[in-house]
Amino acid sequence: MRTWSATEALAAHAQLGGHFPLSDFWRGADPDRAVLRNLLRGIYTGDTACIELGVRLVEPLNEAEIARAHLARALHLAALSGR
C-alpha cells in the first residue's frame, strides 16, 4: 500500500486472514481514522494481520507523524515473530 486508505487496509487485512474487526466503527465516523484506530487495537491484541499491516503502513504515513508514532509504539509492544 503506497497511501493510507481504509478500503485498501480492509482488503489487505482480509487477505492476510485477520480476525480483529477493523471495520467495526460508529456510523458517520471517518472510515480512515476508525480503521487506523482499530488497527492499533488489533496490534495490541496480537492479531498477526494487524501487525503486518502496521509494518507496511509505518513508512507511507509521512504526513501523519502522530499516527506513525502510534503505529510504531503498538508494533514495539507487539510480540513479533521471526517471519
Side-chain angles (χ1 to χ4, degrees):
M1 286 184 280
R2 286 171 271 126
T3 60
W4 172 254
S5 161
T7 304
E8 289 177 349
L10 291 170
H13 184 257
Q15 182 182 18
L16 291 167
H19 299 288
F20 194 84
L22 292 188
S23 61
D24 185 21
F25 49 88
W26 293 98
R27 182 192 279 165
D30 175 41
D32 291 341
R33 286 185 177 200
V35 168
L36 179 60
R37 192 175 313 115
N38 288 337
L39 177 63
L40 292 169
R41 291 179 181 144
I43 290 169
Y44 285 126
T45 66
D47 183 288
T48 56
C50 289
I51 292 169
E52 174 64 26
L53 283 176
V55 170
R56 292 181 188 182
L57 292 171
V58 168
E59 282 303 312
L61 290 175
N62 294 328
E63 73 283 351
E65 294 299 322
I66 294 173
R68 190 169 149 197
H70 285 293
L71 283 169
R73 185 176 335 123
L75 290 168
H76 173 73
L77 297 173
L80 301 176
S81 69
R83 300 187 315 155

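Since the model is a prediction, treat every value here as computed from it, not as a measurement.
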Check: D24 and R41 side chains under 4.5 Å, non-hydrogen atoms: no

Test side-chain hydrogen bond (donor to acceptor under 3.5 Å, both in side chains) applied to R37 - qualifying residues, sequence neighbours left out: none

Option among V55, L22, L16 that satisfies the side-chain contact (heavy atoms from CB on, under 4.5 Å) test with C50: L22

Verdict with supporting geometry, V35 and T7, side-chain contact (heavy atoms from CB on, under 4.5 Å): CA-CA 9 Å; V35 168; T7 304; over 6 Å; no

Passing option when I43 is tested against N38, I51, L53 for side-chain contact (heavy atoms from CB on, under 4.5 Å): I51

Residue from T48, T45, D47 passing side-chain contact (heavy atoms from CB on, under 4.5 Å) with H19: D47

Where A49 and G18 come nearest, the two heavy atoms and their spacing: CB-CA, 3.3 Å

